[in-house]
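The structure under discussion appears below in the form of C-alpha cells.
Reckoned from all heavy atoms, side chains included, excluding hydrogens, waters and symmetry mates. Residue numbers begin at 1 in each chain, while the letters A, B, ... track the order of the sequences.
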There are 2 protein chains.
Amino acid sequence: MSQVTLMQIAEKLNISVSTVSKALKDYPDVSDKTKGLVKELAKTLNYQPNAFAVNLRTKESKTIGLIIPAIVHHFFSNVIKGILAQAEKKGYLVIILQSNESYELEKKQINLLLRQRVDGILISIANTTRNFTHLSDVITQGKPLVMFDKIAKILECSKVVIDDRKAAKDATQHLIDTGCKRIAHFRGPLLSQNSIDRFLGYKEALEENNFIYDSSLVYICECGDSSFEEGKFNAKKLLQDHKDVDGVFINTDLVAIGALTAFAEMGIKVPDDISIVGFSNWFMSSVISPSLTTINQPGFEMGKAAFKQLHKELKQRKKSKTVVYEKIILDTALVKRDSTK
Amino acid sequence: MSQVTLMQIAEKLNISVSTVSKALKDYPDVSDKTKGLVKELAKTLNYQPNAFAVNLRTKESKTIGLIIPAIVHHFFSNVIKGILAQAEKKGYLVIILQSNESYELEKKQINLLLRQRVDGILISIANTTRNFTHLSDVITQGKPLVMFDKIAKILECSKVVIDDRKAAKDATQHLIDTGCKRIAHFRGPLLSQNSIDRFLGYKEALEENNFIYDSSLVYICECGDSSFEEGKFNAKKLLQDHKDVDGVFINTDLVAIGALTAFAEMGIKVPDDISIVGFSNWFMSSVISPSLTTINQPGFEMGKAAFKQLHKELKQRKKSKTVVYEKIILDTALVKRDSTK
DNA sequence: GAAAACTACGAAAAGGTTTTCGTAGGTTTG
DNA sequence: CAAACCTACGAAAACCTTTTCGTAGTTTTC
C-alpha cells in the first residue's frame, strides 16, 4: 500500500537514488542497460513520483486556482468547461473556488490559493469588489494572474473579455432596426463594470439614432439569485410607468425570461407589443416560448483563452522572458429569435 | 518577493528553526516571550508556511479531487456548489475534473489525482464506465472514495444517492392519479444505472395499478448534449406510433422540455391532451410554459452530504479507527406544475 | 544536599525528489 | 605517452517543515 520511492528502487538494484531518478527521466549520462533495469522495476512496483516532494523541489505544482462568482450559471459553467479542457491538454489541474459575489470571500480565497502556492490564478471578480490590493498582491508575489469577463480595468495583468458596450449597442440597434420607437433598459448593478458598459452601449445606440435618452426608462436589477423575479417585477413596473414602450434591452437572459413571463401573464404580446433582447444566450433562451433574441457570449472560448494566456505567461516566466500582458477581446454575436420582429 | 522561511526568521532572532516552528504553533515548551517575538516578526515579514514542504512532511494536502461527467448541467453544478461550500467550511480545496462521460478520461483523471496525492476523491461516474478497477485502486491505496448520484453498486465505498426507482414510481403514480390511462416513458441510456432504476420505477407503478406494461411505449434517449433534440424527436415519433398515449414520464427535464416544445409545435395541448412529468427540477422547468411537473433532485444537498461523508472518513482514518462505509439516500419530491392536471 | 522534576531551547532526522558537481576508469588525440 | 576527453555513475546539497529526543540549567522535593 505504502508508496514506492526512488530509494527503494535504488536499493533493490544496488545503485544510487540519483541514477534512478536520472534513468526515469532519460538523462543522457545513464547507460541504456541501467535505464532498462530501472524502468522495468519502476513499472512492476508501480512507482509514482511523490508529488509533494516534486513540488517542493521544483517550486511548482502544475496546479492553478480559479475563482468565480457563481458556478450554477450557464455562462460561467461554460467558462469553467473551457478552462478545464485547456488545462487538461497542458497537464494542469484546477482548484475551483466560488466567491459568491462576495469581496470578503474573494479576498480570503486569494490568500488560500497563495498559501497553497498554486502556479497561477484565474479570476472573474465579484460585483462587490472595489479594493484590488488582494489581486495586486498576487502580481507582486510574482504569480501570473489572468482576469476574465468581470475584470478590474485598473489592474495591470492580462484580461479576456467581450466588448460589453459594443454588444449592448448591437442589441439596442437591433431593436431600433426592427422598428422600436421607445426602448427601455433593465440594467444590472450600478457598480458592476459590465452593467455600466452595457448601459453605455444602450445609450450610445439611442444617441446615434437620435433617440432621446430617458433615464426613467432604465430599471435596475441585482442579477443575483432572484434574477427571474426581478425581471417579472420590473416588467410589471415598466408597464405601469410607461404605456408607450415597445422594446426592452435586458442586461441578462434570466431577467429577460422573467420579463417575458410577466408580459405573457399580463397579455402583452412579444414581439408584437413589446420586443425584447437579452444578453448571454443561455441555453434556456432558445427553448423558451417565444424564444429570446439575445447576445451570444462565448463562455467556453473565454475559458479556453484565459487559460491559454495564463499558460503563456507561465512559460514566459520560466524562461525569464519579460511577461507581456494582453487584453483579449472575444467576439459576441446577436442571435435573432422570436422575441424581436 | 521570494517567500519567507522559518530559517530566515530563526536567523534574525538568533534562535533555532525548531523553536520558531513550535512558537508559531503554540507548543507549550516555548516561553511566552519567545512566542511573542516570533509571532511579531512572522507577521511583519508576512510569513506563510510553504505548503509544499508541509504536504511532504504531513503527507496530506487538504485537497480533494472531484470527477464529474459534466459541469454545464444544472444538477451537477448544484452538486459542485454544495461540495465547495462544505469543503470551504472544513478548510479543504477541491480539484475539479470533467470526465465528459468518457470511461477512458475518467480512468486517466483518477490516476492524475492519485499521482497528485489528493487526500480523497469524490466521483460521479461516466455512463460508459463498466470496469471499476481504477476506482477500486483508489480504495486499495487507502484513499477515501465517495461516489454520488451515478454510482457503481458493486464497489465497497460510501455512496450518496437518491432513490431513482421510488422517485420514478412517484412520478408515474402522479400521472395515473391525474387520470392518465396510457403512459409512455422516455428513458435514458440502456446501461446507465439511474436510467435503469427510473425505468423500473415506471414499470412498477404501472404494475401496481394494473396497467399493462407495453415495451413499445418506451423510447430511449442518450441524454447527452442533444437532449433537447432527442426529446423533440421522440415526442414526434410517439405521436406517430401511438395516438392514444395521454401521459409521458421522461428521464430528464431537458428531454421533457424538448418534448413539450414538439407537442406545442404540433398543436398537442399539455396537459389536456398529454401530461408530462420530467426529472431533476432544472430551474428552466419552472419558467417554461407550460411549466413542467418534475421530480426535485437535491443537488446542493447531495454535494454537501458527499463531502461530509468524505471528511468523516478522512477523520476516521486519521484516528486509525475502522472506516464505516455509508449509503446515504436523499429525499426527492414531486413538484407539481402545469404539465400535469 | 542530593534526587527528582521542570523549563526552554536546539540538534537532527525524516519526508522524497532534483540537479549540480565530482570522479574513477576507460578511450581518443597529437 | 602525456594530455584531453568520454562514459557512467554517486555524493550531497537543496527545497522547508515537523517532531522526536536530548540536554543544560534551574527549581522543587524530602
Original post:
Taking the inter-plane angle between the rings of A:H73 and A:F75 on a 0 to 90° scale, is it parallel (under 30°), tilted (30 to 60°) or perpendicular (over 60°)?
Top reply: perpendicular

Original post:
Are A:N100 and A:S102 linked by a side-chain donor-acceptor pair shorter than 3.5 Å?
Top reply: no

**OP:** Figure out the CG/P separation between A:N50 and D:dC16, and round it to whole Å.
**Re:** 17 Å

**OP:** Mind checking A:Y27 for me? I need base, sugar-phosphate or nothing, with any heavy atom below 4.0 Å counting as a touch.
**Re:** sugar-phosphate

Original post:
Do any side-chain nitrogens or oxygens of A:Y47 fall under 4.0 Å of OP1 or OP2 in C:dG16?
Top reply: no

**OP:** Please state how far atom CZ in A:F52 lies from atom C1' in D:dA14, giving the value in whole angstrom units.
**Re:** 20 Å

Original post:
Taking for each residue the nucleotide of DNA chain C with the nearest heavy atom, is it B:A53 or B:I15 whose nucleotide lies nearer the 5' end?
Top reply: B:I15

**OP:** Report the distance from atom CG of B:L6 to atom P of C:dA14, rounded to the nearest whole Å.
**Re:** 20 Å

Original post:
Of B:L56 and B:V20, whose nearest nucleotide on DNA chain C comes first from the 5' end?
Top reply: B:V20

**OP:** Please determine, for the side chain of A:K22, which listed nucleotide (C:dT20, C:dT17, C:dC9) has the closest atom?
**Re:** C:dT20

Subject >> Salt-bridge contact B:K39-B:D32 (side-chain N to carboxylate O under 4.0 Å) >> reply: no

Subject >> Nearest-Å distance for atom pair CD/C1', residues B:Q3 and D:dT17 >> reply: 14 Å

Original post:
Going by the side chain to side chain donor-acceptor pair (under 3.5 Å) test, which pairs reach into residues 85-95 of chain B, not counting sequence neighbours?
Top reply: A:Q109-B:E88

Original post:
Contact class for A:T5 vs. all strands (heavy atom < 4.0 Å): base, sugar-phosphate, or nothing?
Top reply: sugar-phosphate

Original post:
Can you check the A:L13 CG to D:dC9 P distance for me, whole Å?
Top reply: 11 Å

Subject >> Spacing between A:N55 atom CG and D:dT17 atom P, to the nearest angstrom >> reply: 15 Å

**OP:** For A:K25, answer base if it contacts any base atom (sugar-phosphate contacts may also be present), sugar-phosphate if it contacts only those atoms, and nothing otherwise; contact means non-hydrogen atoms under 4.0 Å.
**Re:** sugar-phosphate

Subject >> Check: A:S16 side chain, D:dA11 base, donor-acceptor under 3.5 Å >> reply: no

Original post:
Taking B:R317 for the side chain and B:G142 for the main chain, is one N or O donor matched with an acceptor at less than 3.5 Å?
Top reply: yes

Original post:
Hey, can you pull the residues of residues 29-45 of chain A with a non-hydrogen atom under 4.0 angstrom from DNA chain C?
Top reply: none

**OP:** Answer yes if the side chains of B:N127 and B:K150 hold a donor-acceptor pair under 3.5 Å, and no otherwise.
**Re:** yes

Subject >> Non-hydrogen side-chain atoms of B:I123 and B:I110 separated by less than 4.5 Å >> reply: yes

**OP:** Round to the nearest Å and state the distance from B:Q48 atom CD to D:dC16 atom C1'.
**Re:** 14 Å

Original post:
Roughly, in whole Å, what's the span from CG in A:L24 to C1' in C:dT19?
Top reply: 15 Å

